[in-house]
Amino acid sequence: MPLLLSILMTCIVSLISTLTGVGITPQFISKWLSSWAVSWIIAFPVLLLVLPIVRKATAALVRAS
């Protein structure tokens, strides 16, 4: 799940960010793909590190309500 989630989220966020930053240009695809690669390399390990904390926080919120 973290692998697919990180791929999907970084794809969407980098697409929007690149589109608003650069616009549709002949280099758009290459800039977007390089942006996506960098963001995924950072996002996947961070997601793996943060996921246990988020699960505990979610469990605490669900128990509290």
Taking side chain to side chain contact (heavy atoms under 4.5 Å, CB included) as the criterion, tell me which of V50, I7, L47 meets it with P2.
L47
Mind listing the closest non-hydrogen atom pair of W32 and S14 along with its distance?
NE1-OG, 3.1 Å
Answer yes if I42 and L49 sit in the same cluster of Ile, Leu, Val, Met, Phe, Trp and Tyr residues linked by side chain heavy atoms under 4.5 Å apart, and no otherwise.
no
Would you say F44 and V46 are hydrophobically clustered, going by side-chain heavy atoms of ILVMFWY under 4.5 Å?
no
May I ask whether W40 and L33 are part of the same hydrophobic cluster, defined by side-chain heavy atoms of I, L, V, M, F, W, Y residues being less than 4.5 angstrom apart, directly or through others?
yes
Show which side-chain atoms of residues 24-31 pair as donor or acceptor with protein atoms under 3.5 Å away, not counting sequence neighbours.
from, atom 1, to, atom 2, distance (Å)
T25, OG1, Q27, N, 3.4
T25, OG1, F28, N, 3.3
S30, OG, Q27, O, 3.0

Is a side-chain N or O of S17 found less than 3.5 angstrom from the main chain of V13, in a donor-acceptor match?
no
